[in-house]
**Student:** 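Here it is, the structure, as structure tokens.
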Amino acid sequence: MTTVLRPPPSACPACDVAGPAAEMAGRAAVQDKGARLLLSLPTIHCAGCIAAVERGLARHPGIRSARVNLTLRRVSVDAAPDVTADEVIKQLEGLGYEAHELDPGILSVTETDRQGRDLLMRMGVAGFAMMNVMLLSVGVWSGATDATRDLFHLISALIAIPTVAFAGQPFFRSAARALRAGRLNMDGPISLALVLTVLISLYETLQSGAHAYFEAAVMLCFFLLAGRYLDYRARAVARSAAQELAALEVPRAIRLQDGQQHTVSVSDLVPGDLVLVRPGGRVPVDGVVVAGRSEIDRSLLTGETLPAVIAEGAELSTGEVNLTGPLTVRVTAAGKDSSLHRMADLVAAAESARTRYTTLADRAARAYAPTIPLLSLGAFLAWMYLSGGDLRLSVNIAVATLIITCPCALGLAVPAVVTAASGKLFRKGLLIKDGTALERLAEVDTVVFDKTGTLTMGTPVPDNLDDHPESALGVALGLAEASGHPLARALARALNARGIRPAEIEDLREAPGYGVQGLWQGRMVRLGRAGWVGATHCATTGAYLSLGEETHSFTFTDALRPGAEEVVTALKSQGKAVWLISGDVAPAVEAMARRLGIAHWHANALPEDKAEKVAALQAEGHRVLMVGDGLNDTVALSAAHVSISPASALDAARAASDMVLLGRDLAPINDALRVAKASTRRIRENFWQSGVYNAIFVPVALLGWCTPLWAAAVMSLSSISVSLNALRLK
Amino acid sequence: MEVLAILIPVSLGLGLLGLLAFWWTLRKGMYDDPEGDSRRILRDDYDDKPKQD
């Protein structure tokens with residue numbers, strides 16, 4: 001039961017990366033002057049897809065070249081100026097790939113690119129310098145003496161000093177920023193260690209000393225930059241995918257002025273303006289209906305599954321969808337004053353109320369950062385006292401301590417695990433928007449679900465088609481195909497899927513707010529509301545058909561999202577409390593709760609109620625995971641400890657949540673909980689590992705036995721073992 | 001030990017060469033799409049006319 005066009009399913013899990021793309025594909029494509037188009041292809045996943053897209057596009061006249069980026073699931077097209085994005089999207093849909101245009105936003109793209117390349121370049125310089133310096137250091141360690149050793153140290157200095165000056169800049173800058181703000185972050189001791197190490201080594205070299213730590217300084221740079229780069233890349237991938245998801249429909253409205261229609265930007269509307277809302281369109285403003293009658297879909301705002309009938313005088317809110325008839329609306333509030341913006345204010349309030357989460361890394365850094373300089377200062381003073389004022393010896397030992405304690409492994413501990421975990425989950429169809437989300441998810445003990453659009457697909461499915469004769473089904477299909485009402489569309493889809501042939505019906509007319517009618521074999525037939533058709537009303541959601549005298553009723557249920565049952569069962573078996581809180585009416589919510597075996601449920605919940613309930617649960621000491629998709633969930637999503645929304649959710653809901661499900665399936669939620677637990681465990685293990693290395697080697701350094709060889713070996717061993725541990729994540 | 005006078009400049013030169021090569025690959029955007037590049041190698045249309053005989 002999919003409403004969007006999708007390519008045939010494939011065995012690759014990455015293919016589940018479908019999403020709201022088709023809805024977005026409809027938005028007006030603006031011709032790009034630069035003739036460089038950027039399109040998102042959420043469904044590509046393999047070498048075959050790359051070849052098909054690139055070759056298929058190259059055949060299109062006017063397209064000079066196309067290049068797929070599989071990592072970002074995008075294609076950039078170089079085309080003649082007259083080629084529009086619409087054409088390319090159509091061509092791609094012909095090939096079986098859904099596509100939607102991305103705002104090239106060239107500035108931001110190159111900006112993130114520049115940052116990533118900058119870090120990579122610094123890492124490369126540090127890496128090559130490390131190799132060369134190490135080559136010379138190995139010569140010294142294996143016994144070079146006198147002039148040879150001094151020469152080697154001098155060449156090392158010539159390589160290491162510019163390298164540290166160039167590659168260490170990210171740390172120097174961040175440390176300076178923190179110090180200016182009166183804080184001490186991890187980069188403070190790192191910068192101190194880099195600078196002191198280079199200075200003391202230079203001094204030793206000029207004094208023909210036995211030990212120089214140039215390779216340690218360069219190595220420190222390299223490993224720390226590797227951690228920085230991993231961290232950056234995880235965030236960059238998440239950010240680019242989040243940007244794609246945030247592709248909003250163009251906020252435009254049709255203003256009626258002197259009997260003429262003008263398409264204007266929503267921001268230009270003022271209260272008192274008349275706005276036309278076509279069937280199928282989203283209401284752009286808050287307003288009052290002055291002409292027309294129709295049905296509107298409020299599900300994204302309130303969670304109600306059934307469309308509401310409205311006529312003149314009814315109040316509309318921004319974001320509702322007009323279904324059947326055209327409406328003329330007088331604007332009462334637009335832009336900042338609209339209900340959508342008031343909701344955004346609520347979200348902002350909830351977000352500021354959420355206590356800022358301190359990550360494991362933050363806690364480790366806070367405990368660790370002051371210890372490093374204090375420890376080496378202590379070593380310096382102690383040795384000054386012991387050696388009776390031997391400055392050179394004391395400084396050397398202090399620097400060795402600084403190098404040994406420098407948090408190389410600590411810098412890699414978190415990013416390596418987060419990179420491994422988010423890559424794993426991205427392939428399963430879950431996008432992590434916030435780096436700390438995994439840690440928070442691991443602590444969850446209560447899960448709150450929204451109903452419509454989250455546990456269900458938000459699309460009704462007829463469930464009693466077998467009760468009706470074939471002729472009635474044919475008439476129903478003929479009538480249903482003429483209507484844009486969601487129930488009629490669902491009926492038409494189900495009947496088409498069964499291979500029913502539509503009956504020939506003449507004089508088809510849609511009565512907005514009531515249904516469709518027409519002439520079938522000379523008889524008046526109607527499909528629509530019970531009262532209008534003359535049928536008796538059923539208890540559940542229904543559409544009614546009259547064939548002259550006899551009437552038929554079609555009942556509907558909302559299709560469960562795939563994986564919903566499994567997720568709820570798995571959550572309960574893990575001993576987590578599961579709640580269902582919905583804005584829908586009580587019978588529908590109760591039926592859903594019973595079907596999934598959810599013990600706690602709330603119906604008729606307003607957005608504020610949802611957020612209050614979540615806050616109340618958290619006040620009792622529970623850690624709440626909120627899963628929701630609607631505008632009415634956004635406040636609760638941002639109030640919860642951690643939140644997930646499906647890709648089909650409203651932008652506001654996706655923006656408020658920490659993770660986004662890319663496919664239709666809810667099953668990745670289970671994977672996410674499992675991976676979150678595993679990765680938090682790995683992060684802790686990594687901290688322990690680097691702690692153990694320190695516990696062993698800090699005394700060695702304090703006693704003055706630490707040679708540059710020891711420092712280099714400890715540093716690389718701990719960094720590599722931490723990275724390997726992260727890769728163990730299953 | 002005189003051989004060091006040759007070996008050290010050579011090793012430094014090789015290191016510099018490697019760094020230049022790295023800088024070139026970075027400039028050409030070869031690290032922009034690691035996932036795609038790992039698949040592209042499996043395609044045969046870059047090399048559809050292998051050497052005969």
Side-chain angles (χ1 to χ4, degrees), chain A residues 12 14 44-55 58 67-76 109-110 112-113 116-136 139 144 146-148 151-152 154-156 158-159 163 229 233 236-237 423 426-427, chain B:
Chain A
C12 209
I44 56 165
H45 57 84
C46 63
C49 305
I50 299 179
V53 168
E54 288 184 354
R55 271 188 231 146
R67 175 88 186 177
V68 171
N69 185 325
L70 191 63
T71 316
L72 300 174
R73 302 195 196 287
R74 279 182 187 165
V75 58
S76 70
V109 171
T110 48
T112 51
D113 260 19
R117 281 187 191 178
D118 185 65
L119 269 179
L120 207 54
M121 189 65 211
R122 290 182 204 277
M123 197 172 114
V125 168
F128 282 101
M130 180 174 83
M131 284 188 253
N132 269 309
V133 173
M134 195 56 84
L135 205 65
L136 297 163
D146 307 328
T148 322
L151 176 70
F152 280 10
L154 209 60
I155 300 174
S156 300
L158 284 180
I159 302 172
T163 303
Y229 181 66
R233 228 189 42 185
V237 169
F426 185 65
R427 279 190 287 278
Chain B
M1 280 312 226
E2 284 76 36
V3 73
L4 281 180
I6 303 165
L7 284 182
I8 290 176
V10 165
S11 81
L12 289 183
L14 284 176
L16 216 55
L17 206 70
L19 187 58
L20 278 179
F22 175 73
W23 177 78
W24 176 76
T25 56
L26 197 62
R27 281 288 305 271
K28 290 277 169 187
M30 293 194 191
Y31 305 96
D32 287 357
D33 182 16
E35 204 181 320
D37 293 336
S38 70
R39 312 287 174 98
R40 275 174 202 275
I41 198 168
L42 301 174
R43 281 168 59 182
D44 50 9
D45 54 348
Y46 288 131
D47 193 21
D48 50 355
K49 288 198 189 75
K51 248 191 182 157
Q52 298 299 311
D53 70 52

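Values below: every heavy atom of this structure, side chains too, minus hydrogens, waters and symmetry copies. Every chain is numbered from 1, with letters handed out A, B, ... down the list of sequences.
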**Student:** Taking the side chain as everything from C-beta on, heavy atoms only, tell me whether A:V133 gets closer than 4.5 Å to A:T163.
**Tutor:** no
**Student:** Heavy atoms, side chains only, cut-off 4.5 Å: are B:R40 and A:V68 in contact?
**Tutor:** yes
**Student:** Quick one: are B:M30 and B:W24 in side-chain contact, heavy atoms under 4.5 Å?
**Tutor:** yes
**Student:** Heavy-atom cut-off 4.5 Å, strictly under: side chain, backbone, both or neither for B:L14 against chain A?
**Tutor:** neither
**Student:** Pick one of side chain, backbone, both or neither for A:M121, based on which atoms fall under 4.5 Å of a heavy atom in chain B.
**Tutor:** both
**Student:** Side chain from CB out, backbone as N, CA, C, O: work out which of these in A:I50 comes under 4.5 Å of a heavy atom of chain B, or both, or neither.
**Tutor:** both
**Student:** Which pairs with one or both residues in residues 122-134 of chain A pass side-chain hydrogen bond (donor to acceptor under 3.5 Å, both in side chains), sequence neighbours excluded?
**Tutor:** A:D118-A:R122, A:R122-A:Q169
